Amino acid sequence: MKYDFNQIEKKWQEYWAKNQTFKAENHSDKPKYYVLDMFPYPSGAGLHVGHPLGYIASDIYARYKRHQGFNVLHPQGYDSFGLPAEQYAIQTGQHPAITTETNIATYRRQLDQIGFSFDWSREVRTSDPSYYKWTQWIFIQLFNSWYNNDAEKAEDISTLIKIFEAEGNANVNAVCDDAVETFTAEEWKAFSSKEQQEILLQYRLTYLAETEVNWCPALGTVLANDEIVNGVSERGGHPVVRKKMTQWSMRISAYAERLLQGLEKIDWTDSLKESQRNWIGKSVGAAVTFNVKDHDDVIEVFTTRPDTIFGVSFMTLAPEHDLVSKITTPEQKAEVEAYIEATAKRSERERMADVKTITGAFTGAYAEHPFTKEPIPVWIGDYVLAGYGTGAVMSVPCGDQRDYDFAKHFNIEIPNIFEGADISEEAFADKDKTIIANSDFLNGLNYKKATKRVIFELEQLGQGVGKTNYRLRDAVFSRQRYWGEPFPVYYVDGMPQMIDAAHLPIQLPEVEKYLPTETGEPPLGNATVWAWNTETNEVVSNDLIDNNTIFPLELNTMPGWAGSSWYFNRYMDSTNNEAFASQEALNYWKDVDLYIGGSEHATGHLLYARFWQKFLFDKGVVPVDEFAKKLINQGMILGTSGYINMAICAIKFNTPEGTGSKSTNYYVPIDAVNQKGELTEEYKSILRKKNIQDYEYYKVSENDIIEETFVVNRTPVHVDAIDSSNNLIIDEFYKWKYPNQDLQKIKVIECISSDEVFKVGREVEKMSKSKYNVVNPDQICIDYGADSLRLYEMFLGPLEQYKPWNTAGITGVHGFLKKLWKLYVDDNGLKVNDSEPSADSLKTLHKTIKKVQEDIENFSFNTSVSTFMIAVNELTAQKCSSKAVLEQLLVLISPYAPHIAEELWSQLGHNESISTAAFPKFDKSHLVESSKNYPISFNGKMRFTLELPLDMSKEDIEKAVLAHEKTQEQLQGRTPKKVIVVPGKIVNIVG
RNA sequence: GCUCAAGUGGCGGAAUUGGUAGACGCGUCGGAUUCAAAAUCCGAUUCUUCGGAGUGCGGGUUCGAUUCCCGCCUUGAGUACCA
């Protein structure tokens, strides 16, 4: 019986689906284990071989955990809101929901054919109203919450209102907007409802705020930084301007410290934690206020080095700083305005890229030093960023390199306040070696003591306070898009109102066009039925808006990360219509035990999801405040792009009728070009001859050539037109290069090679459609089977690493599966019997059990595939047919190659899925050896091996080795200085 | 610049606590089988001047270093004038 993988895989995939083999129960006596993949955006291109890498790894782990007796939750779904479907809708008018549905069907078919053990009954789609109902619900919860710094948690907004009513806001320690005015209880009560709402908005965890954005008027949309190239939009090249827009923001900054601390208790990769730490960007220092001379205004700065305050020789404000226009003197006005205009023209990218050019302008104003009362000139400079800290710095040139460079450039004095520091060439920034000098009461103190003392003195003066600053900014939550979650928000007198949760979901309205409106409103502005009736609690026609009972709805939609910030909780109870998940389900599954996904989500999804989880934890909705205990980043599978060269050969020649010239193009193989990128002499000669032949009409010979030029250009080749030995399949290449054309009729450029084969050059790069290097898993499943694909993806290398794909190598693992099959089945059918296993076979089995178990637990899947190969090679050589061994081997392999394992398992007489079988138990007694083949080294170099009993004493080993003739040969009469014997390991002779 | 990761045959990679470097597979070469091909099977495959040398480079620790330490180079990723 042959290994008919197509038939076997189809059979078992149907079996699993029909029997719901992998359906997880929310109640079980077994311990729980939750294995999660980052869910995909269903793109129109479908899956390529890089996508399933992480899914295969997590599937192996999930299946392994089932064998280990765990109740495993291993769900899958779709992050199905997103731009590509919307772009497609703009171009074709097809509703994004239809595009999405089609793409999901493709994804599902492709995923099914790889044989994943997903519990599809729990599938979620972020674009499904039954799902985004709860995304909207969470948004409402955020709106109705504020962050209490004293309690270090989010609390209901009603508790804040109570405080306001009782005592005003003077003692409220909340995370809120910067410019909150202080009021008393009486004042609060006297405020109008609108005024109260405005104040509360400054405290809510999601709030409306003016945000500066990159606005592209031509596209009618906001662009991300990386969508802008050289100041114009990447798509279309339209101009982009900085514009203030009112948008929803998420007060993630409230959670900065907890997001930082939480990293300590989760098992995520160090590099990922490090990037989150950098992103949060905690710095400890002080906020200091400087009075501005001849003004009532103050400049507030944040500094991490308050100990250097006596070294301040100027202040620098960001050009965008509010004070600039106020304090600039008439004499300096022209210069300052010119400077501001110049910096406004430069994009943020430009300003960042250009670090060397030092620019700035003097405002003419002076601040007053809090201690010395000396005047300090106030400058503006674009090295100070408006968006960080207060947008102003106290510049200490002797202690900060940027301040130093600025001072040098503008000839500002650089006072030295460090004992024994040389600042003639550069600033002295080493905190640990700092001893403060020339600083009044700080003289002689080190960094730590000086910082403490100066903060104390500043507090006495009322001009400063110790402060911790975070780089983490609040996250903008509005998108001017159609294909996203609508906000459950309507506006009364310009103030946002939440729709009662009982009326959710608020479904996306139908629109004629998916583009922004002519007046620049988001696409939802095109909807005609998009108003909220507060009496019937329905979405009604815009015509009915009376701002009395019927109000306009929010036109923005939520960003891509909204739905992905909590989906892992939804899987626990995905069909629940009463709650986003039941408390029972949440308390049972709690958190993700293993999360696998790409590292590109380090500071996006993975930070926002942690933020929402902490918020939901504060609200008592979820039982844990970190959603994933362990996280692994899978590396990317890279494509091997192929290319050949196009040679353009131009010749000028003498003909009887005068000078003629010809230029012809040929495809030439990669070896036709030397390292300098020039055509080789051999190929020049071939092309010359060829060219002359082609123009026989002129009857020219090589002697008639008076001038010739050769130019070569790289031409990409589709991977499908390259064979396993890197040779061009010329017919396939033509078919791909000149599609839908009759190759007989059209004149195609000739492929010319000096060899029988046509060598293609290869280059490893990201797998992408535009690079023609995408390998589709469908064809691989047809040609080799899903089990081969699964094994091969794992066999390629360590999970976390980036590695190139090369389809040719799959024959190795495919051959292994055939060999495995033959161990159980031959032409006469099953050949497994009840014979006693040999000691050798038991040894093979048990060392395999040990290794594979260790490998899975270390996520070292590549090495276990090798281990299986070794095991099968050994058992084949041993002619093992013992059921006692082969049955166990199947369970070991089943997480990796589940189809073949199920098939052989059932042929061995089992009626239940192999997934219910217990993982084999390792018994070390089978591995006991009586002797060891010792490596005998001389000065650390192994020269020969010697078989010796393991129970031999150190002394006897030494004697036996020294007596050996090869030892004498190595020593050549010398006496060894020292002999190292490590019993069971090695013998090393020194001398 | 900073942070993180990684450099081992022609290629993907292995060596889990410092103990036989190159497991396993691809590719290549040779052979068997075949009318032939595919498939399958067997053997060889780091370099070498046959003494040895060898895990990016230069040092160090050690009886012994791919593994630990110091300095450097290269590549990839992230981040960016963060006060």
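Given the structure is predicted, the values throughout are model-derived calculations rather than measurements. Below, read A as the first sequence line, B as the second, and so on, with proteins coming before strands; counting in each chain starts at 1.
Among the heavy atoms of the strands, none lies under 4.0 Å from A:Arg473. Note on A:Ser866: a base of the nucleic acid sits closer than 4.0 angstrom, heavy atoms only.
Using a cut-off of 4.0 Å between Lys/Arg side-chain N and Asp/Glu carboxylate O, A:Lys850 and A:Glu854 are scored as salt-bridged. With salt bridges taken as basic N to acidic carboxylate O contacts below 4.0 Å, none links A:Lys932 and A:Glu947. Note on A:Lys467 versus A:Glu300: no salt bridge recorded, every NZ/NE/NH1/NH2 to OD/OE distance being 4.0 Å or above. Between A:Lys2 and A:Asp4, none of the side-chain N atoms (NZ, or NE/NH1/NH2) sits under 4.0 Å from a carboxylate O, so this pair counts as no salt bridge.
Phosphate proximity of B:G76 to A:Tyr802: absent, as no side-chain N or O sits under 4.0 Å from OP1 or OP2. Regarding contacts with the backbone of B:C82, a side-chain N or O of A:Arg402 is found under 4.0 angstrom from either OP1 or OP2. For the OP1/OP2 pair of B:A5 and a distance below 4.0 Å, the side-chain nitrogens and oxygens of A:Asn633 include no atom meeting the criterion. Residue A:Gln801 places none of its side-chain N or O atoms closer than 4.0 Å to OP1 or OP2 of B:A6. An OP1 or OP2 oxygen of B:A14 is reached within less than 4.0 angstrom by a side-chain nitrogen or oxygen of A:Asn862. Side-chain nitrogen and oxygen atoms of A:Lys977 include none within less than 4.0 Å of the OP1 or OP2 phosphate oxygen of B:C63. In this model, the phosphate group of B:A83 is approached by a side-chain N or O of A:Ser283 to a distance below 4.0 Å at OP1 or OP2.
Nucleotides B:U48 and B:C4 are separated by 40 Å at their P atoms, to the nearest Å. Rounded to whole Å, the separation between the P atoms of B:U8 and B:U55 comes to 12 Å. Comparing B:G56 with B:A14, their P atoms sit 14 Å apart, to the nearest whole Å. Nucleotides B:C82 and B:G76 place their C1' atoms 25 Å apart, quoted to the nearest Å. Between the P atoms of B:A21 and B:A5, the separation comes to 28 Å (whole Å). Between the P atoms of B:A53 and B:G22, the separation comes to 16 Å (whole Å). Comparing the C1' positions of B:C50 and B:A32 gives a spacing of 32 Å, expressed to the nearest Å. Straight-line distance between the P atoms of B:G10 and B:U17: roughly 28 Å, to the nearest whole Å.
Side-chain atoms of A:Lys941 lie closest to B:A53 of the nucleotides B:A15, B:A53, B:U20. For A:Trp279, the listed nucleotide lying nearest its side chain is B:A80; candidates were B:U40, B:C24, B:A80. Residue A:Tyr388 places its side chain closer to B:C82 than to any other of B:C82, B:U3, B:G12. Comparing B:C63, B:A23, B:U3 by their closest approach to the side chain of A:Asn988 singles out B:C63. When each of B:A23, B:A83, B:C26 is scored by its nearest atom to the side-chain atoms of A:Thr811, the top-ranked nucleotide is B:C26.
Annotation: of the two residues near RNA chain B, A:Tyr792 and A:Pro798, the 5′-most nearest-nucleotide partner is A:Pro798. Projected onto RNA chain B by closest heavy-atom contact, A:Asn873 and A:Lys822 fall at different nucleotides, the more 5' of which corresponds to A:Asn873.
One atom, CH2 of A:Trp805, and another, P of B:G25, lie 18 Å apart when rounded to the nearest Å. The CE atom of A:Met794 sits 13 Å away from the P atom of B:A14 (whole-angstrom rounding). Rounded to whole angstrom, the span from the NZ atom of A:Lys803 across to the P atom of B:U8 amounts to 16 Å.
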Query - Protein-to-nucleotide contact annotation, 5' to 3' order, nucleotides 45-50 of chain B [B base; S sugar-phosphate only; - none; under 4.0 Å, heavy atom] - result: ------

Report task. Test A:Phe868 against A:Tyr896 for ring-ring contact (aromatic ring centres under 6.0 Å, His included), laying out the working first. Result -> CA-CA 10 Å; A:Phe868 290 136; A:Tyr896 293 79; 5.1 Å; yes

Requested in this report: Evaluate the criterion salt bridge (charged side-chain N to carboxylate O under 4.0 Å, His left out) for residue pair A:Glu793 and A:Lys803; output intermediate values, then yes/no.
Outcome: CA-CA 10 Å; A:Glu793 295 234 356; A:Lys803 53 223 164 221; over 6 Å; no

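The distance from atom OG of A:Ser931 to atom CE of A:Met952, rounded to the nearest 0.5 Å, is 11.0 Å.
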**Report entry** Secondary structure string for RNA chain B (Watson-Crick or G-U under 3.5 angstrom, | for other-strand pairs)
**Finding:** (((((((..(((......[....)))((((((.......))))))((....))..(((((..]....))))))))))))....

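Contact of A:Lys985 with B:G18 (side chain to base): no donor-acceptor pair of N or O atoms is detected under 3.5 Å.
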Distance-only donor-acceptor hits, side chain of residues 816-823 of chain A, under 3.5 Å, sequence neighbours excluded:
unit_1: A:Lys819; atom_1: NZ; unit_2: A:Asn873; atom_2: OD1; d: 2.6
unit_1: A:Trp821; atom_1: NE1; unit_2: A:Met1; atom_2: O; d: 3.1

